[in-house]
Participant: 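A single structure is presented below for examination.
Atoms within each ligand, like the ligands themselves, are counted from 1 in listed order.
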Amino acid sequence: MDLVGLSLPLLLVFWQWTTTTGAAVTYWTYTGSVGQSKWADYFPDCGGKAQSPVDVATVQTQYDPSLGPLTPLGYSQHGNKPFSLYNNGHTVVVPLPGWMGLGGLPWQFTAVQMHLHWGNGALEAGGSEHTINGQSSAAELHVVHYNSELYPNMSVAMTQQDGLAVLGVLIETGEEANQAFWNILNYLGRIRHAGQSVSIPAFDVQSLLPSDLGRYLRYNGSLTTPPCFQSVLWTLFTETVKISHTQLMKLETVLYASKEDADRVVMQDNYRTPQPLNDRTILSSFPLGEITAIVIGALCGCVGVAVIIRFIVKTIRTKEPGKDLKQDVALNTTTEPGKKEDPVPPSV
Ligand SMILES: *[C@@H]1O[C@H](CO)[C@@H](O)[C@H](O)[C@H]1NC(C)=O
Ligand SMILES: *[C@@H]1O[C@H](CO)[C@@H](O)[C@H](O)[C@H]1NC(C)=O
């Protein structure tokens, strides 16, 4: 037997081994032994240099006047065919019809699905994936599209650098219920367990988006779940949408990450923590960085003026006869750490 004859069965065995073990580790969760800190062990891209989500430091964003308004295409022409709602064990997914797409990007993008990320019902706890200046929102909506100008379908596109475009919408809680979100939230009780799906009436997907589609942040990133492919052109709207506290509670308590016949695991905190920005730039479609700089500048200016006024007042006071010495001591003591504010009367 020659070498090739020997190695072929070996190769087959090896191939089988890799595919079976490959299948075993496609299981992942947000916490625990296959939680987000371990994702990169099983899905190498999750340890890449251009991962999502990220924290947006608004002062460091760069205004790009060429970023025009985004146009959802066919989002409101939902037709009569029902949508479906699916619990995939990680989130609730709504597959979107192929006539929905996005205009205003370098290529034509076709809608694939939308899903949500959220927290755990604790007050003030996070839930969004992207954060702004370190601040989380309560939840986040993602509308996923693939580059249909260059690639035949989602599976091919998701592995390509310019394959996907995702819209990110930050969700906060407000006083009033958001009627558009009831189109999803009303049916969660029918898909409590992983693997379940339900048919729901079609609705206007654009009504889930903020009204201002002209102000957004843009950067190159990744899928926020394994396999974390770095194929996403992200658009994060700066206007948030509001849902009521009751609606948020529903999202955070109704679903299970577990299958119907398994021990129940509540689907909560299904968000990835912000990843290092590394050498990426976050662009803004409007002068956000400059505005932030002006606000901070103005605040610093006010503080500066206050400090100057205080100094002048102090200087005038020290000029008052009989107070010179005491004031000097006061000024000296405050510069020494650990000493009390009250100056000890000088023993002259
Ligand atoms: C996507 O397109 C590729 C190439 O045309 C094809 O081989 C594959 O089966 C398609 N996948 C799906 C899910 O349609
Ligand atoms: C994303 O990456 C592409 C290709 O490297 C580049 O041309 C584009 O300017 C990047 N976009 C942003 C927003 O950084």
Participant: Given Arg272, which partner from the list Glu129, Gln51, His117 fulfils the side chain to side chain donor-acceptor pair (under 3.5 Å) test?
Facilitator: Gln51
Participant: Which atoms of ligand 1 have any heavy atom of Ser155 under 4.0 Å away?
Facilitator: 11 (N), 12 (C), 13 (C)
Participant: Can Lys38 and Asp41 be counted as an ion pair, charged N to O under 4.0 angstrom?
Facilitator: no
Participant: With respect to His130, which candidate in Tyr219, Phe237, Tyr271 satisfies the ring pair (Phe, Tyr, Trp, His ring centres under 6.0 Å) definition?
Facilitator: Tyr219
Participant: Does the protein place any heavy atom closer than 4.0 Å to atom 7 (O) of ligand 2?
Facilitator: no
Participant: Run the numbers for me: atoms of ligand 2, each under 4.0 Å from some heavy atom of Arg218, listed by number.
Facilitator: 13 (C)
Participant: Applying the side chain to side chain contact (heavy atoms under 4.5 Å, CB included) criterion to Leu170, which one of Ile132, Leu141, Thr131 satisfies it?
Facilitator: Ile132
Participant: Give me the nearest non-hydrogen protein atom to atom 9 (O) of ligand 1 as residue plus atom name, then the distance to 0.1 Å.
Facilitator: Asn153 ND2, 4.8 Å
Participant: Determine if the distance from atom 14 (O) of ligand 1 to the closest protein heavy atom is below 4.0 Å.
Facilitator: yes
Participant: Suppose we measure from atom 5 (O) of ligand 1 to each protein heavy atom; which comes out shortest, and what is that distance?
Facilitator: Pro152 CG, 3.8 Å
Participant: Just do the side chain to side chain donor-acceptor pair (under 3.5 Å) check on Thr235 and Arg218 with the steps written out, would you?
Facilitator: CA-CA 5 Å; Thr235 301; Arg218 170 72 47 79; 3.0 Å; yes
Participant: Which pairs count as disulfide (SG to SG under 2.5 Å) when at least one residue sits in residues 198-253, sequence neighbours excluded?
Facilitator: Cys46-Cys228
Participant: For ligand 1, which atoms sit closer than 4.0 Å to a heavy atom of Val156?
Facilitator: 1 (C), 2 (O), 3 (C)
Participant: For ligand 2, which atoms sit closer than 4.0 Å to a heavy atom of Leu283?
Facilitator: 13 (C)
Participant: Side-chain atoms of residues 86-95: list all donor-acceptor pairs with protein atoms under 3.5 Å, sequence neighbours left out, distances to 0.1 Å.
Facilitator:
residue: Asn87; atom: OD1; partner: Gly89; partner atom: N; Å: 2.8
residue: Asn87; atom: ND2; partner: Ile191; partner atom: O; Å: 3.0
residue: Asn87; atom: ND2; partner: Arg192; partner atom: O; Å: 3.1
residue: Asn87; atom: ND2; partner: His193; partner atom: O; Å: 3.4
residue: Asn87; atom: ND2; partner: Tyr256; partner atom: O; Å: 3.0
residue: Asn88; atom: OD1; partner: His90; partner atom: N; Å: 2.8
residue: Asn88; atom: OD1; partner: Thr91; partner atom: N; Å: 2.8
residue: Thr91; atom: OG1; partner: Leu116; partner atom: N; Å: 3.3
residue: Thr91; atom: OG1; partner: Leu116; partner atom: O; Å: 2.5

Participant: Do me a favour and list the nearest non-hydrogen protein atom to atom 3 (C) of ligand 2 with residue, atom name and distance?
Facilitator: Asn220 ND2, 3.6 Å
Participant: Between Trp39 and Tyr30, does the ring centre distance come in under 6.0 Å?
Facilitator: yes
Participant: With a 4.0 Å cut-off, strictly under, does atom 11 (N) of ligand 1 pick up any protein heavy atom?
Facilitator: yes
Participant: Look at ligand 2 and say whether Gln161 reaches it with a heavy atom at a distance under 4.0 Å.
Facilitator: yes
